[in-house]
Each structure stands twice: as structure tokens, then as C-alpha cells.
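For clarity, every value in this text was computed on a predicted model and none was experimentally measured.
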Amino acid sequence: MEIRHATADDLEALAAVEAECFPKAEAATAEEFADRVRHYGNHFWLMFDGDQLVSFVDGFVTDQADLTDEMYEKAELHQEDGDWQMIFGVNTLPSYRRHGYAGDLLKAAIRDAKKQGRNGLVLTCKDRLVHYYAKFGFKNEGVSGSTHGGVTWYQMRLTF
């Protein structure tokens with residue numbers, strides 16, 4: 001398995017994996033990924049099995065302490081020298097789940113955020129995944145202000 005950051009050549013694969021992992025109302029589009037990769041491709045962690053993208057984690061950096069819906073929509077809000085690494089998506093193709101791939105990518109994102117001097121990482125997740133992210137040191141801060149995709153999200157924070 002190879003782990004690397006995203007380039008414009010990865011857009012189709014990113015959109016395809018996202019579409020398999022999230023309902024349409026929650027999934028980012030190929031156009032949104034193009035904007036994200038252009039602004040912060042080095043804040044994508046992609047895992048490949050040969051030529052097949054099987055898992056990825058992405059998000060941008062900001063000085064804002066809480067993840068907002070606006071962040072998903074406006075890649076230009078990325079601040080490379082920001083305090084917090086936001087995580088917008090943790091995706092693994094269904095046939096590759098339960099092998100620790102997403103966890104390996106989260107650990108890579110955490111390692112990079114530490115090396116870059118961030119305060120920590122912030123993500124939102126559904127209730128059923130709170131325990132999963134807690135295994136990596138994320139603390140549940142309760143229901144997020146996010147209404148992304150029309151579902152209830154919980155904000156999780158890992159502080160260094």
C-alpha cells in the first residue's frame with residue numbers, strides 16, 4: 001500500500017470513492033475536489049493498492065477552532081499556517097474496510113499536524129463513529145453546529 005498526497009490526476013478516483021462512502025447529500029463532488037486539491041492537496045492522505053485508490057482522509061487548515069459547513073464549500077478559506085487541521089472526510093471503499101487503512105491515514109494526518117506545529121485536529125462524525133475516533137485520542141465535544149447533508153454531526157477534537 002502506498003500513501004501520498006493528492007494531485008489533480010486523482011480527482012476522478014476521489015469523487016468515485018467519496019460517492020461509495022457517503023450519501024449524495026453528504027458527498028463532495030468532483031468539482032469540489034478539484035477546488036480542494038488546488039488549495040490544499042498536501043492535506044489529503046491517499047492510500048493506493050496498486051493503481052486503485054482505496055482510502056483517503058482530507059481536510060484543510062484554519063485558525064478557526066470549530067468546523068463549520070462553510071469550510072466544506074469554500075476551499076479558499078484554507079490557511080496553510082493555521083492552528084487546526086480540519087478533517088472533512090475519512091473514506092474507505094467497502095471492500096477494503098476493517099483492515100486498518102483509514103486508521104493508518106488518520107495516524108499520518110495526526111503525525112503531519114504535529115510536525116507542522118498545529119494545535120490539533122477537528123472532525124465531525126455521526127454518533128455511531130464517536131467511539132472509533134476516540135480510539136485515536138479525539139474527544140467528543142457534543143453536537144456540532146453543522147447541518148451538512150441534513151444529518152446530526154458530533155464534533156471531535158484531538159488537542160496536542
Side-chain angles (χ1 to χ4, degrees), residues 1-37 40-61 67-69 71-73 75 84-116 118 120-144 146-160:
M1 296 288 184
E2 173 195 0
I3 297 175
R4 66 170 173 78
H5 297 293
T7 71
D9 293 336
D10 299 313
L11 297 178
E12 269 187 52
L14 288 165
V17 171
E18 178 93 349
E20 281 204 51
C21 295
F22 285 98
K24 189 172 183 172
E26 299 168 28
T29 64
E31 294 78 24
E32 288 169 318
F33 278 124
D35 206 27
R36 291 178 183 186
V37 168
Y40 53 89
N42 59 328
H43 294 274
F44 277 72
W45 295 267
L46 283 60
M47 181 176 284
F48 287 85
D49 182 4
D51 292 337
Q52 172 72 47
L53 177 63
V54 298
S55 187
F56 74 91
V57 169
D58 74 295
F60 74 27
V61 179
L67 198 154
T68 66
D69 287 344
M71 293 175 182
Y72 292 106
E73 300 157 10
W84 295 97
Q85 174 67 59
M86 299 292 160
I87 300 295
F88 296 154
V90 177
N91 301 267
T92 302
L93 289 174
S95 61
Y96 282 85
R97 291 183 183 158
R98 303 204 178 279
H99 295 283
Y101 301 140
D104 289 344
L105 293 175
L106 277 170
K107 289 174 190 172
I110 291 166
R111 247 188 337 269
D112 285 356
K114 274 186 182 176
K115 278 194 286 189
Q116 294 161 358
R118 312 280 180 221
L121 296 90
V122 177
L123 59 82
T124 60
C125 66
K126 295 173 183 167
D127 183 52
R128 64 183 168 78
L129 291 170
V130 167
H131 73 283
Y132 174 76
Y133 294 110
K135 294 189 293 188
F136 297 93
F138 286 87
K139 305 282 187 239
N140 184 359
E141 296 182 330
V143 175
S144 165
S146 174
T147 59
H148 180 73
V151 299
T152 300
W153 299 95
Y154 291 82
Q155 181 162 286
M156 307 279 297
R157 183 180 312 273
L158 172 61
T159 303
F160 300 139

Side chains of D58 and F33: closer than 4.5 Å at any heavy-atom pair? yes
Drop me the distance from Q116's CD to N42's CG, to the nearest 0.5 angstrom. 7.5 Å
Counting only heavy atoms not in K139 (residues, nucleotides, ligands), do more than 12 fall under 6.0 Å from its NZ? no
Just by modelled atom types, is the N91 backbone N or O under 3.5 Å from a matching donor or acceptor in the S55 side chain? yes
Q52 and L93, any side-chain heavy atoms less than 4.5 Å apart: yes
Measure the shortest side-chain to side-chain distance between F138 and R157 over non-hydrogen atoms and say whether it is less than 4.5 angstrom. no
Quick one: do Y133 and Y154 satisfy side chain to side chain contact (heavy atoms under 4.5 Å, CB included)? Show the steps, please. CA-CA 11 Å; Y133 294 110; Y154 291 82; over 6 Å; no
Examine distances only and state if a side-chain atom of D35 and a backbone atom of E32 form a donor-acceptor pair shorter than 3.5 Å. no
F44 backbone acceptor or donor facing H5 side chain under 3.5 Å: yes
What I'd like to find out is whether the side chain of Y96 reaches to under 4.5 Å of the side chain of M1, using heavy atoms alone. yes
Knowing that exactly one of T124, L123, T152 qualifies, which makes a side-chain contact (heavy atoms from CB on, under 4.5 Å) with S144? T124
Measure from the side-chain N and O atoms of Q155 to the backbone N and O of L67, and report whether any donor-acceptor pair falls under 3.5 Å. yes
I'd like to know whether T159 forms a side chain to side chain contact (heavy atoms under 4.5 Å, CB included) with W84, so could you lay out the CA-CA distance, the side-chain angles of the two residues, the decisive distance to 0.1 Å, and finally the verdict. CA-CA 9 Å; T159 303; W84 295 97; 4.0 Å; yes
Over all heavy atoms of both residues, which pair between Y132 and G103 is shortest? Give the atoms and the distance, please. OH-N, 3.3 Å
Between the CE atom in M156 and the CD1 atom in I87, the distance rounded to the nearest 0.5 Å is 12.5 Å
T92 side, atom OG1; E20 side, atom CD - distance, nearest 0.5 Å: 11.5 Å
Using side-chain contact (heavy atoms from CB on, under 4.5 Å) as the criterion, point out the one residue from L53, L46, V54 that pairs with V17. L53
Reported OG1-to-CG distance for the pair T7 and D10, which is rounded to 0.5 angstrom: 4.0 Å
Is a side-chain donor or acceptor of E18 paired with a backbone partner of A28 at a separation under 3.5 angstrom? yes
Within the 3.5 Å criterion, strictly below it, is a donor on T147 or D69 matched to an acceptor on the partner's side chain? yes
Answer whether the closest heavy-atom distance between the side chains of C21 and R97 falls below 4.5 Å. yes
Side chains of V37 and L14, heavy atoms from C-beta outward: is any pair under 4.5 Å? yes
Nearest heavy atoms of A75 and Y40, plus distance in Å: CB-CE2, 3.8 Å
CD of E31 to CG of L11, rounded to nearest 0.5 Å, is 9.5 Å
With sequence neighbours left out, write down each residue that passes salt bridge (Lys or Arg N to Asp or Glu O under 4.0 Å) with R118, or none if nothing qualifies. E80
Search all heavy atoms of Y72 against all heavy atoms of S146 and return the closest pair with its distance. CE1-OG, 4.4 Å
What are the two closest heavy atoms between G59 and Q85, and how far apart are they? O-NE2, 3.0 Å
Does atom CD of E12 have more than 12 heavy-atom neighbours, drawn from other residues, nucleotides or ligands, at distances under 6.0 Å? no
May I ask you to test the F60-R36 pair for a side-chain heavy-atom distance under 4.5 Å? no
Any side-chain heavy atom of W45 sitting closer than 4.5 Å to one from L106? no
